[in-house]
Structure formats: structure tokens, C-alpha cells
> 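Input: one structure, supplied below.
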Amino acid sequence: MTAHYDVVIVGTSFAASFFLLRYLEHAPATAKVLVLERGNADSKAWQLANRRHSSIEPEDVYDNDNPRKEWYTSPGFGGNSKCWMGGTTRMMPGDFQLQSRYGVGVDWPVSYDDLEPHYTAAEQVMLISGPTDSPMPRSRPLPLPPHRFSDPDTLLKKHFPDGWYQMATARASIPTGQRGVCCASGICGLCPLDAKFTIQNGLAHLYKDPRVTLRLRSEVQTVETAAGVARGVNYIQEDIPKRDTGDLIVLAASALFNPHILLRSGFDHPLIGRRLHEQMPIYVTFDLKGVKCYNGSTVLSGLGYLFYEGEHRRDHAACMIETWSSPFAYRPDDALRLEPNRWNERLMLGFLFDDIPSDANRVTVSEHDPRRARAHFGEYSDYAKRGADQIPRMIDKLAEALPVERLVSTSLGTTAAHIQGTVVMGNDPGASVVDRHLIHHQYRNLLVLGSSSYPTASPAYPTLTVSALSLWAADHVLGRAA
Ligand SMILES: Cc1cc2nc3c(=O)[nH]c(=O)nc-3n(C[C@H](O)[C@H](O)[C@H](O)COP(=O)(O)OP(=O)(O)OC[C@H]3O[C@@H](n4cnc5c(N)ncnc54)[C@H](O)[C@@H]3O)c2cc1C
């Protein structure tokens, strides 16, 4: 039996939930919303008991062409909110205008100013902790006080007052009522104190709204279209094929699965699946002389903007630096010093460089099983690599503030754990799949939400922007846009 809904939403993580939040605020009491989620509910108790985020492993749902490049996905209610680290940086104004400011990449069809009110709203919903000063313009302070810096952060802030900031994070710095205070233990994926914002602890109430029907274990296969309109979705619920229709169809299944569903549905824009990208992450470990590390009050305690915005972006990638404040090391043998009383005089910094997406890096439908996506990733851009070439110069600069004794290791990470591109946005239907409100250029009642829309990377963590874009898109379809 096919049922008809006002809205059909695919996915239950940030992209879906922030859209649903704004939609329900303004929808009438008679509205009917169907939400389809491929995975299980996997409660916090289940996750802790099983030491896993999801009863479905990433390998169960997608193939990866390149073992040196991982893309992590945590299927189920709340998606990757179950396992994310909680870093919630805004993008910088220049990230939206790479082409017009620096002559590289493309401009986004939205600006920082367009998103600013939505960034603010998403920060209030997630109860972000962070600094009172800011590297970017803001209309409102962050809702929770900042976490305590680690000692190296304090030195860096003193030396570079406009270049170093406390981490903006969805890990609570004070009790929030729903969430405990971050313990900075480094067991962050599971977050035993439930300190970080997740859909489960922050927005689960949306899915209990009487207007909403949530179907778990419901894997969407295709979007059905006719006469230029998206009519509905075909999905498999616990091995039973089903079909429901809707006035508005919203894909929010991530940058791996949004293109997968569109390709399976026969959408033929040449850019669908293309420009898979993320930041290029490089982890650098140092020994410091007489400075104790790992004593910030959250796992990632500081953010460096010294090498982010500026004319260098004409030539090479911008970089955001993160301070790791728990003894995590990309190479576990590097985590701690072995000399007596000096175990914590060791610092790991993550250097995140933006990348210029390439058409060759992409998501396709797996040839041996169409229910699986397949990720193909060859290389980062030369632009990103030229950015990484600057690391020795950057370390020299940081050493003005830090007593660097020796460099221990430099490692290219296999993942920044961010998946971006694949259904890119733009103003030109020939050069993009969705428009500035994330509406499909041809099928005007089809939205494709999430970081799949990103035309270029930025060094910033992506999820606050995903959430802000969903609020922006919801306002537009509700006719509430300014
Ligand atoms: C280990 C880790 C750490 C991270 N840390 C950070 C961080 O500190 N800061 C940051 O900004 N970002 C971080 N991220 C990235 C962040 O998790 C993602 O940007 C964010 O989750 C994207 O939200 P989304 O709603 O678009 O997609 P997802 O969270 O990927 O959710 C997609 C949803 O769609 C569902 N779905 C998929 N396919 C189908 C289908 N066919 N049918 C039905 N449902 C489907 C999934 O089950 C899931 O619920 C991290 C990611 C990982 C893995």
C-alpha cells in the first residue's frame, strides 16, 4: 500500500534533523512527514555495551577503491552524530569566495552573510562551547563558555592573540541538562558521559512529533520521477519492497549515499557523484621542553587560524590547526614520551588543508551489488599538496611561542572523517546539480541536503555548515527566507 505525505525525508542525522526542526516549527498540525532511515536505533546503552556506534559496519554498505583513503559512515538513527568528534567551526567568509577573492576553485552560490543567522541558530541548538573572541564575524556569542586551553594552547594564544582560539565544540563545558561535561579522556567516539551533541540526545524529540512517521530499517533505493517532478521513493523495509509518495522529497543520506540514490534512480547529470573530497589532514607530533600537554578540558582544545585566510590562498591551500589534548597519536607508539616525568611533554597538532575537488574522485554504484556505493579517490590536488609543503615554515612560526625540542613524526592521515562534494551546488545548472537552496535544478520539489552540496572544501569542520544549510533550505521552501 502506497501512502502519500507532504514531505518524505531520507536519513536522520544532521542534514535531515535540522531541516525537520525548522519544518516542524512552521508546518500545520495536519502535516504528514515520512522519515526513512536505513539502520537501527542503536541506543547509547547498546553502543556502550557493544563498543560500537552502529549495528551496521561501513563495510556492509559501501566499497572503497583506495585502502589508503578511508570514508567512515555510521548507519542508523542519528547517523554520524553517534561517532563525530564534535568540532563545530564556521567556515570563513573567504571559503565561500575562493574564485572571486583568490582566483582558484569556484565560488559558492551562498555567502557567509547568507548563512550567518543559520550558523547562530545551529550553535544554539547544539549548545556549542567556545571562545568569546572569534576569527570570523558573529552576530551572537556561543551559548556555552569555552573549554580550558592546554598549556601549549595558552602559550600560543599569548603569542598569537588573533591567531589562536579555544575549540568551538559540541562537547559541553558545563552540564546542559541533557549532557554531561566532557571528560577529555579521548574515548570520544563512544563519549561515555554523552557530553557531545548527538541527534539522540538533542533532537530525538522531533521524531516523536505526531506529524512524523519514522521508519527504521528502511533503505531507500530510488527516487521516482515523472514529468519533471519527484513523485516518491522506493525502499526496502526489512526485506519488503515498498513505495511511498510525497509533495516534497528530501535526500539527506550523506555525500556517499545521496549520489548513490540519484545514480540508481537514473539521474544523469554528469556531475552526480563527482568531486568527492575532504580536507587533507596531516598530523605532526613534537616534543616540548618543560611544557605539559594533554591538560585542556576537552579532547581537541585549540584552533589555529594563523595560516588560514590571506593572499597565500592564491597559491596554496589554507590551513586550520587543531590541538589534540589527549594522548592520541596518529602513530600510537608516538603518543607518550618514555623519559621519567616527561610523559606529557609531547604535543600533537592536526593540520587540515582545503582541497580543490577533482572530477576524477567520485562515488558510483558498486558493479557487483547495486545496493552498495563505491568510493573512488586518487589524489589530493596540487593546491592542497603545496599547502602541506608549508608545514616546516609553519612549525618555525609556532616555535616562536613553543619550546620545540624535536619533531617526532609527520603523518598524512588516511581520513579527516569528512565526506564532501558529489552533488554540488551552484547557480549554473550545467555546472552544478542543485541550486543555492539545495534544490535540484530540474526537479524543483527535490532537495539534496548535506555536505554533498559543497563545491569546494574549506579547512573548517563541515557539520555546522551542513546544519546551517538545512535551516537555510527549510526557510526557503517554507517561504520564510529573508
Ligand atoms: C569519526 C568521525 C568524526 C567526525 N568528527 C567531526 C567533527 O569533529 N566535526 C565535524 O564538523 N564533522 C565531523 N565528522 C563528520 C560528520 O559526522 C558529518 O559531516 C555529518 O555527520 C554529516 O551529516 P549528514 O546528516 O549529512 O550525514 P550522516 O551523518 O552520514 O547521516 C546520513 C544518514 O542517512 C542514512 N542513510 C544513508 N543511506 C540511506 C538510504 N539509502 N536509505 C535510508 N537512509 C540512509 C544513514 O543511516 C544516516 O542516518 C566526523 C565524522 C566521523 C566519521
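We number each residue from 1, following the sequence as shown.
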> Enumerate the ring-ring contact (aromatic ring centres under 6.0 Å, His included) contacts for residues 54-89, please, sequence neighbours excluded, ordered by first and then second residue.
F14-W84, W71-F377, F77-Y207
> Go through the steps for L469 and S453 under the test side-chain contact (heavy atoms from CB on, under 4.5 Å), then give the verdict.
CA-CA 10 Å; L469 281 169; S453 63; 3.9 Å; yes
> Tell me if the centroids of the rings in F353 and Y380 come within less than 6.0 Å of each other.
no
> Determine whether a donor-acceptor pair (N or O, by modelled atom type, separation under 3.5 Å) exists between the side chain of K44 and the backbone of C191.
yes
> Distance-only, no hydrogens or angles: does the S218 side chain make a donor-acceptor pair with backbone N or O of Q237 under 3.5 Å?
no
> Please determine if K32 and D244 form a salt bridge, counting it only when a charged side-chain N lies under 4.0 Å from a carboxylate O.
no
> Measuring from H376:NE2 to K69:NZ, what's the distance to the nearest 0.5 Å?
14.5 Å
> Do you know the tightest heavy-atom contact between V106 and P455?
CG2-CB, 3.7 Å
> Check for a donor-acceptor pair, side chain of S17 on one end and backbone N or O of T12 on the other, with a separation under 3.5 Å.
yes
> Which salt bridge (Lys or Arg N to Asp or Glu O under 4.0 Å) pairs, counting each pair once, include a residue from residues 464-473, with sequence neighbours left out?
none
> Among T298, V181, I128, L144, find the residue that satisfies the side-chain contact (heavy atoms from CB on, under 4.5 Å) test when tested with S173.
L144
> Any chance you could measure T364, atom OG1, to R372, atom CZ, to the nearest 0.5 Å?
12.0 Å
> Sequence neighbours excluded, which residues qualify as salt bridge (Lys or Arg N to Asp or Glu O under 4.0 Å) partners of R313?
D95, E309, D354
> How far does CH2 of W472 sit from NE2 of H437, to the nearest 0.5 angstrom?
3.5 Å
> Would the distance check show the side chain of S470 and the main-chain N or O of A15 forming a donor-acceptor pair, the cut-off being under 3.5 Å?
yes
> What verdict does the side-chain contact (heavy atoms from CB on, under 4.5 Å) test give for M136 and T89, after you've listed the backbone C-alpha separation in whole Å, the side-chain angles of each residue and the deciding distance to 0.1 Å?
CA-CA 10 Å; M136 69 282 290; T89 46; 5.6 Å; no
> How close do S254 and P259 get, counting heavy atoms only, and between which atoms?
O-CD, 3.9 Å
> Check A317 against A384 and note the closest heavy-atom contact, atom names and distance.
CB-CA, 3.8 Å
> Output, in order, the C-alpha distance, side-chain angles, deciding distance and verdict of side-chain contact (heavy atoms from CB on, under 4.5 Å) for M91 and L115.
CA-CA 10 Å; M91 286 168 49; L115 284 193; over 6 Å; no
> How are the rings of W108 and Y454 set relative to one another: parallel (under 30°), tilted (30 to 60°) or perpendicular (over 60°)?
tilted
> Please enumerate all residues that pass salt bridge (Lys or Arg N to Asp or Glu O under 4.0 Å) together with D42, with sequence neighbours excluded.
none
> Suppose we screen for side-chain contact (heavy atoms from CB on, under 4.5 Å). Which residues come up paired with R138, at least two apart in sequence or across chains?
R90, E116, E123, S134, L142
> According to side-chain hydrogen bond (donor to acceptor under 3.5 Å, both in side chains), who are the partners of Q166, at least two apart in sequence or on a separate chain?
none
> Would you mind reporting whether R101 and P93 have side-chain heavy atoms less than 4.5 Å apart?
yes
> Filter on salt bridge (Lys or Arg N to Asp or Glu O under 4.0 Å), then keep only pairs touching residues 436-457, sequence neighbours left out; what's left?
D114-R436, D435-R444
> Supply the atom-to-atom distance L438 CG to L447 CG, rounded to the nearest 0.5 angstrom.
7.0 Å
> Taking salt bridge (Lys or Arg N to Asp or Glu O under 4.0 Å) as the cut-off, I'd like each qualifying pair that reaches into residues 2-22, sequence neighbours left out, listed once.
R22-E25, R22-D475
> So, does H269 use its side chain to make a donor-acceptor pair with the main chain of S432 at under 3.5 Å?
yes
> Can you tell me how far the CD atom of E379 sits from the NZ atom of K385, to the nearest 0.5 Å?
4.0 Å
> Could you check if a side-chain atom of R264 sits within less than 4.5 angstrom of a side-chain atom of P370, using non-hydrogen atoms only?
yes
> I'd like to check V423 versus F267 (side-chain heavy atoms, cut-off strictly below 4.5 Å). Are they in contact?
no
> Looking at CG of L276 and CZ of R362, how far apart are the two atoms once the value is rounded to the nearest 0.5 Å?
10.5 Å
> Apply side-chain contact (heavy atoms from CB on, under 4.5 Å) to the pair L300 and T169, showing each step before the final yes or no.
CA-CA 8 Å; L300 288 161; T169 177; over 6 Å; no
> Quick one: side-chain hydrogen bond (donor to acceptor under 3.5 Å, both in side chains) partners of S100, sequence neighbours excluded?
D107
> Check T176 against A172 and note the closest heavy-atom contact, atom names and distance.
CG2-CB, 3.8 Å
> Could you tell me whether the side chain of R274 and the main chain of D359 form a donor-acceptor pair under 3.5 Å?
yes
> Name all residues meeting the side-chain hydrogen bond (donor to acceptor under 3.5 Å, both in side chains) criterion together with H316; count only those two or more places apart in sequence or in a different chain, and write none if there are none.
none
> Who pairs with R179 by side-chain hydrogen bond (donor to acceptor under 3.5 Å, both in side chains), at least two apart in sequence or on another chain?
none
> Return yes if some donor-acceptor pair links the side-chain N/O of S54 with the main-chain N/O of G76 below 3.5 Å, else return no.
no
> Looking only at side-chain N and O atoms, does D247 offer a donor or acceptor that is under 3.5 Å from a partner on H4?
yes
> How close do P75 and E37 get, heavy atom to heavy atom, and via which atoms?
C-OE2, 4.4 Å
> Step by step, would you call Q420 with H277 a side chain to side chain donor-acceptor pair (under 3.5 Å)?
CA-CA 5 Å; Q420 303 172 178; H277 70 277; 3.2 Å; yes
> Classify the ring geometry between H260 and F257 as parallel (under 30°), tilted (30 to 60°) or perpendicular (over 60°).
perpendicular
> Between D65 and R374, is there a donor-acceptor pair closer than 3.5 Å when you use the side chain of the first and the backbone of the second?
no
> Would you indicate whether the side-chain heavy atoms of L256 and V61 approach each other to under 4.5 Å?
no
> For residues 79-89, pull every pair meeting salt bridge (Lys or Arg N to Asp or Glu O under 4.0 Å), keeping only residues two or more places apart or in separate chains.
none
> Taking atom CZ as the centre, does R314 end up with more than 12 heavy-atom neighbours from other residues, nucleotides or ligands that are less than 6.0 angstrom away?
yes
> Report yes or no: does S43 contribute a side-chain atom to a donor-acceptor pair with the main-chain N or O of W46 at less than 3.5 Å?
yes
> Which heavy atom of P281 sits nearest to which heavy atom of L412, and what is that distance?
O-CD1, 3.5 Å
> Heavy atoms, side chains only, cut-off 4.5 Å: are I199 and F197 in contact?
yes
> Distance-only, no hydrogens or angles: does the N361 side chain make a donor-acceptor pair with backbone N or O of S358 under 3.5 Å?
no
